[in-house]
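Worksheet for the structure shown next.
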Amino acid sequence: MSETLSPELLSALGTAAATDTLLVALDFDGTMSPLVDRAEDARALPGSAAALRELAQLPRTTTALISGRALDSLRLVASPEPETLLIGSHGAETWTGPDGAPLELTPSQAEVLRRATDAVQKVVDAHPGTLLELKPAGVVLHTRTADTDTAESAATAARSALTAIEGAHLSAGKNVLELSVVQADKGRGLQSLRELTGATAVIFAGDDVTDEHALKTLTAPDVGIKVGSGDTAADYRITSPEQLVQVLRELVTLRRAGVRA
Ligand SMILES: [Mg+2]
């Protein structure tokens with residue numbers, strides 16, 4: 001599985017690693033972890049988890065996970081180091097340390113979430129193999145475990161029911177349709193971490209369409225990496241989570257040299 005990294009990517013990583021304050025932010029599912037059918041079975045590849053731990057220990061270097069998962073679910077599968085900042089629910093939930101404020105919904109947001117949950121539950125009841133996931137600020141229809149026709153008709157039914165609800169923010173990913181009652185995306189999430197850490201360069205990698213919001217915020221010396229196929233705003237592409245292990249290992253070496261320089 002180990003194809004070599006492109007010279008262009010290696011060179012960009014080298015430049016970013018020489019920056020003063022570095023933020024390494026990564027999507028989890030499909031990026032740190034191979035995609036799995038059961039969300040709770042996802043785990044980071046050991047090589048990526050180890051490299052991220054090493055990066056977190058380096059001076060002027062912050063690590064973060066930016067996931068569509070609810071924070072609780074992200075913690076469960078990622079077992080992040082306490083130094084690693086967390087963005088969950090595509091930016092609706094943020095953990096930047098013990099002093100950060102937890103998410104609280106307004107009464108009207110809670111009402112929108114209740115109506116949306118009812119709507120998705122009806123769709124799931126009528127479409128075998130689909131699943132509902134409730135998050136603190138949203139509800140998700142998962143269609144990965146349904147057959148293709150059922151998945152398509154469930155997504156269509158859910159989309160039409162949910163767009164009728166005011167105050168609902170819809171986003172689609174790979175085999176998921178998600179409603180959030182908080183306007184959030186990974187771009188805003190990444191931007192908030194950039195400001196919080198005062199990063200002078202950001203490295204971000206992600207595999208899904210929702211990661212494009214974050215990738216679009218990047219400009220050199222930032223490094224945006226798309227994992228796998230599909231349209232992207234990223235300047236660099238790798239084939240798989242396995243190849244991310246190589247990227248992160250290189251980055252550990254380069255950043256070690258960078259903080260010493
Ligand atoms: Mg992903």
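Note: hydrogens, waters and symmetry copies are ignored here, and every other heavy atom, side chains too, is used. Read the numbers this way: they start at 1 and go in the same order the structure lists the ligands and their atoms. For this chain, numbers begin at 1 and follow the sequence in order. Computed from a prediction, not measured in an experiment: that's the story for all the values here.
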Roughly how far apart are His142 NE2 and Asp37 CG, rounded to 0.5 Å?
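His142 NE2 to Asp37 CG: 12.0 Å, rounded to 0.5 Å.
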How many angstroms lie between atom NZ of Lys226 and atom CG of Asp207, to the nearest 0.5 angstrom?
6.5 Å
Nearest to the Mg ion (ligand 1) - the N/O/S atom of Asp29, by atom name
O
Taking both backbone and side chain into account, is any N, O or S atom of Asp27 nearer than 2.8 Å to the Mg ion (ligand 1)?
yes
Measuring to the Mg ion (ligand 1), does Asp207 have an N/O/S atom at a distance below 2.8 Å?
yes
Tell me, yes or no, whether the heavy-atom count around Glu40 atom CD, taken from other residues, nucleotides or ligands under 6.0 Å, exceeds 12.
yes
Does the pair Asp125/Lys122 count as a salt bridge with the N-to-O cut at 4.0 Å?
no
